[in-house]
Each structure stands twice: as C-alpha cells, then as structure tokens.
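A short worksheet on the structure shown next.
Every chain is numbered from 1, with letters handed out A, B, ... down the list of sequences. On a predicted model such as this, the values are computed, not experimentally measured, just so you know.
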Number of protein chains: 2
Amino acid sequence: MGEMKNTARPASRSDIREENERLILDCAERVFAERGFGGATMQEIADRAGLPKANLHYYFMSKETLYRRVVERIFTIWLQAAEAFETSATPQIALSTYIARKMELSREYRYGSKVWANEVMQGAPIIQDYLEVTLRDWTETRIEVIRSWVAAGQIRPVDPRWLLYMIWATTQHYADFAHQI
Amino acid sequence: MGEMKNTARPASRSDIREENERLILDCAERVFAERGFGGATMQEIADRAGLPKANLHYYFMSKETLYRRVVERIFTIWLQAAEAFETSATPQIALSTYIARKMELSREYRYGSKVWANEVMQGAPIIQDYLEVTLRDWTETRIEVIRSWVAAGQIRPVDPRWLLYMIWATTQHYADFAHQI
DNA sequence: ATCAGAGTTGACCAAGCAGTCAAGATTGAT
DNA sequence: ATCAATCTTGACTGCTTGGTCAACTCTGAT
C-alpha cells in the first residue's frame, strides 16, 4: 500500500541487492555495537531488519563475513577524513580539519565507531589481516607527511606515530563514551 | 608433589573459598576482556583456571553474577585512585597524583580496564543499576570539590563534569589502546 | 574412628546458536 | 505466455552454551 511517490521503493531489480545489503549492514552495525561480536545474534539482526534470518545468509555468507563488511565500511569512511593531510596547505590547517572531520564522523556514525573501537581494543582478533595491510600503509603515508613537516621546521619535532595516536585517541573518545559524556 | 615451602599452598580450610574466588575472578577478567561478555564462555574461564566448569558455578551463581563481580572489583580499585581529591593540599597536586595513580592502575589492571571500558562503551547494559547509584554519588562528591576550587579562585572556571570526563578519557586510553600504542 | 559440612566433578539437559536446504515467489527478457 | 535467474522463506540440523545434579572426596572437630 502506498508505493507511489515514497522515497524508497522496490527499485529496479539490480538495485534490490544493493538496497538489502545496506539495510542489513545498518542493522548489523547497531547490533554489533550494542552486543559485541560474540553477543550479537543473526536472529536479532534479522528481526531488526524485518527479514527472515535465512535472507541474511543469502546476502552474507557467514556472521563473520557480515561483521567484516561492517568494520570495513566504517573504516573506509574513517580514511576519507584523512584526506586533509594531502590537500591542506599548512600542518595547522591539516590537523585541525582532520580532527574536526573525524569528530563529525564519530557522531554521525556512532554505532560503527563503537564497533571499530571495540575491535581495536580487543586487539583486532577478527580483522587482524585487514588491518595489517591497509592500516599500515595508511599510517606510513601519514607518518611521512608529518616527518616532512618536522624537517621543514613547520612543527615542533615529535614522534609522528605518537602524534597520530594522540589525535586518534582523543577524537575517538568523543564518540565512544558519548553515553557518559 | 612439592607442597612444602611454596608460596601458595592449600591454606586453612576457610581460605580456600577466598583463594578460588580470586583465581576465578582473575581468569574471568582476562576472558571477558578478550572476548566481551557475549563472547566469553564459562568453559574457557574454567579451562584457564584449571578447574571444571561446575566448580565455577559452585562459587558464582551465574555468568552474569561472575561478570558483575569482575566489574565491581575493578571499579572499587578505580575509586581508590580518587582519594587524591580529599588528601591533597592544592588542585594541582590532587589532579596530577590522581592522573598518575589512575594511569598506573590502568597498566597494572590492564584486563579489568578493558572490561570496564567495554561495559561503559556499550551503555553499561549489565551494570546500569550499580552505576546509577555508586558512580553518581562518587561523581557528585568530586564535582563539589572541583567547584570549591573554582570558587576559591584556585583554578580557572571550568565545568567540573567536563574536567572529570576529560581526565578520565585521557587516562583510560593509555590502557585501552595499548595494543595500538 | 566418625561424621557433618565444605569443596569437587563427570555426566547430563534444555535452550539457543550459526548455518543449510529445498520449495516457492517474483521479475525482466524473449 | 514462458522461462531462467534472482530473491524469499519456513523448517530443519548439528553443535555449543549456561546451568544442574547427585555422587564423590576431603578436612577439621569431636
């Protein structure tokens, strides 16, 4: 009933997959955030999406696959915030826009942020491999930029790694501990 | 074999309970930290303690009971770090000793710290009630102290709540993200 | 020596879990 | 109209889980 000018309609056949995957990912993100990987159940995710459980397994092979997709999604959004490092003229601008953007994202993708923080806190037991490649490359690039700033005398000499973690930790908290703060 | 001058021996009958409870709590703390509440299993805790699972249930009624005891234990240790607020002469000393002590504890009780952070991050689903009484009282007292400092012109005027959370968040991170940092 | 109460434990159970499957519904292309 | 591919779903399975229980051992007091 009422399928006319509504925003989200069935859409052309090929879109149905994309649409359902997004719905499932959204719900999964919330459930994983609230219950952790071990505590989350496929049934609860299915219920929240209003789909039968078997349907989840049609789109995602396993619980772990679904979890990985959730983490990878939030992670790529994360990375986009780091573009400031390349596009900014000065370190001051780069850092402040990066921090601002990241905090914005932490609020916007509150649940994803939780899932991510959780995973990292427990030593990234599930996405270890993914991290070791992608994150290391990313970090190395960033470190090079910071190092060049130091060399050019644009900022005080600090351990680039330390600076990055410091920024990351601070911004992260605004999202993670929202409940308390 | 070899039960003589070893450090930890069976001990007098009444100590056996205390000793086993501590052993179980220690192991539970690690497992809960590594797997989360949902992901942890009584079996793994039992294995790590070298006891049959049924024995855990002799000392702790349920998984939830055990979890609560773990959280409450780390929490009371946490609170002790805050004594600095009462015993210190000036705000500067109070804050710096508090921070120092808390970071020390974060390192010492690394696993408990993780469990605690996890619980809080997920909105304290299990220990809500406990928090609402104990933590609120604690926070209120601390806020009063900070407020009196502001009134006496000893520190710049800040929202006491904000200052507390800021300190808490910062120290917390050193423990939580040890894996990355 | 004996005995009550604390501590120990293997075997067991019902519930809930991730994952499977085969039968059916829907749809776009012909 | 028909047909193949995509999508949907209730019913199922094998396994793991938290929790129970009754039989057992151990120990300190009498």
Side-chain angles (χ1 to χ4, degrees), chain A residues 1 3-4 8-32 34-71 115 125-127, chain B residues 1 3-4 8-32 34-71 115 125-127:
Chain A
M1 340 103 174
E3 38 136 69
M4 299 200 82
R9 62 202 138 157
S12 72
R13 196 61 193 270
S14 56
D15 288 344
I16 219 172
R17 180 169 210 107
E18 192 180 8
E19 205 166 288
N20 273 345
E21 282 188 358
R22 234 208 41 195
L23 171 66
I24 295 169
L25 280 171
D26 285 347
C27 294
E29 190 170 292
R30 284 193 56 162
V31 176
F32 281 131
E34 287 168 14
R35 310 240 184 270
F37 177 77
T41 71
M42 294 297 268
Q43 190 60 62
E44 184 174 352
I45 296 169
D47 288 348
R48 219 176 287 196
L51 298 171
K53 192 185 61 169
N55 212 338
L56 302 210
H57 279 100
Y58 174 71
Y59 288 109
F60 300 91
M61 231 179 57
S62 66
K63 184 184 178 184
E64 190 177 317
T65 305
L66 178 54
Y67 180 77
R68 292 178 82 104
R69 287 282 301 272
V70 166
V71 175
V115 178
I126 291 169
I127 53 152
Chain B
M1 343 101 174
E3 37 138 71
M4 297 200 83
R9 62 205 138 151
S12 72
R13 197 59 196 270
S14 56
D15 288 344
I16 221 173
R17 179 167 212 110
E18 193 180 8
E19 205 166 288
N20 273 345
E21 282 188 0
R22 235 209 41 197
L23 172 66
I24 294 170
L25 280 171
D26 284 348
C27 295
E29 190 170 291
R30 284 194 56 162
V31 175
F32 282 131
E34 285 167 16
R35 311 241 184 269
F37 177 76
T41 70
M42 294 298 270
Q43 190 61 61
E44 185 174 352
I45 295 169
D47 288 348
R48 218 174 288 194
L51 298 171
K53 192 185 62 169
N55 212 338
L56 303 210
H57 280 100
Y58 175 71
Y59 287 109
F60 300 92
M61 231 179 56
S62 67
K63 186 184 178 184
E64 191 178 316
T65 304
L66 178 54
Y67 180 77
R68 292 179 81 106
R69 287 283 301 272
V70 166
V71 176
V115 178
I126 291 170
I127 53 152

**Request:** Return the value, rounded to whole Å, for the distance between atom NE2 of B/His57 and atom P of C/dA11.
**Result:** 18 Å
**Closest nucleotide among C/dG10, D/dT8, C/dG19 to the A/Tyr59 side chain** = D/dT8
**Prompt:** Which pair of non-hydrogen atoms, one from A/Arg68 and one from A/Ile127, has the smallest distance, and what is that distance?
**Reply:** CG-CG2, 4.5 Å
**Request:** Starting from P on C/dA25, measure out to CD1 on A/Ile16 and report it in whole angstrom.
**Result:** 17 Å
**Item:** Distance, rounded to the nearest Å, where A/Met42 contributes CE and C/dG19 contributes P
**Value:** 6 Å
**Item:** Distance, rounded to the nearest Å, where A/Tyr58 contributes OH and C/dA25 contributes P
**Value:** 17 Å
**Asked** How would you label the contact of B/Ala40 with the nucleic acid (heavy atoms, under 4.0 Å): base, sugar-phosphate, or nothing?
**Response** sugar-phosphate
**Message:** Distance check needed: C/dA11 P versus B/Asn55 CG, whole Å only.
**Reply:** 16 Å
**Request:** Go through C/dC17, C/dT20, D/dG19 for me and flag the one nearest to the A/Ala54 side chain.
**Result:** C/dT20
**Prompt:** In whole angstroms, how far is the C1' atom of D/dC21 from the NZ atom of B/Lys53?
**Reply:** 13 Å
**Prompt:** Roughly, in whole Å, what's the span from CG in B/Asn20 to P in C/dT9?
**Reply:** 9 Å
**Asked** Between B/Glu34 and B/Arg48, is the closest basic N to carboxylate O distance under 4.0 Å?
**Response** yes
**Prompt:** How do A/Gln43 and B/Pro52 order along DNA chain C: which one's closest nucleotide is nearer the 5' end?
**Reply:** B/Pro52
**Prompt:** Is the distance from OP1 or OP2 of D/dC7 to the nearest side-chain N or O of A/Arg17 less than 4.0 Å?
**Reply:** yes
**Complete:** Closest non-hydrogen atoms of A/Arg69 and A/Phe60, given as atom of the first, atom of the second and distance, are NH1-CE2, 3.8 Å
**Asked** After noting the C-alpha distance and the side-chain angles of B/Arg22 and B/Glu18, does the key distance pass the salt bridge (Lys or Arg N to Asp or Glu O under 4.0 Å) rule?
**Response** CA-CA 6 Å; B/Arg22 235 209 41 197; B/Glu18 193 180 8; over 6 Å; no
**Complete:** Whole-Å distance, B/Leu23 CG to C/dT8 C1', equals 14 Å
**Request:** Give the ring-plane orientation class for A/Tyr67 versus A/Phe37, where under 30° counts as parallel, over 60° as perpendicular and anything between as tilted.
**Result:** perpendicular
**Prompt:** Using a cut-off of 4.0 Å on non-hydrogen atoms, how would the nucleic acid contact of A/Phe60 be classed: base, sugar-phosphate, or nothing?
**Reply:** nothing
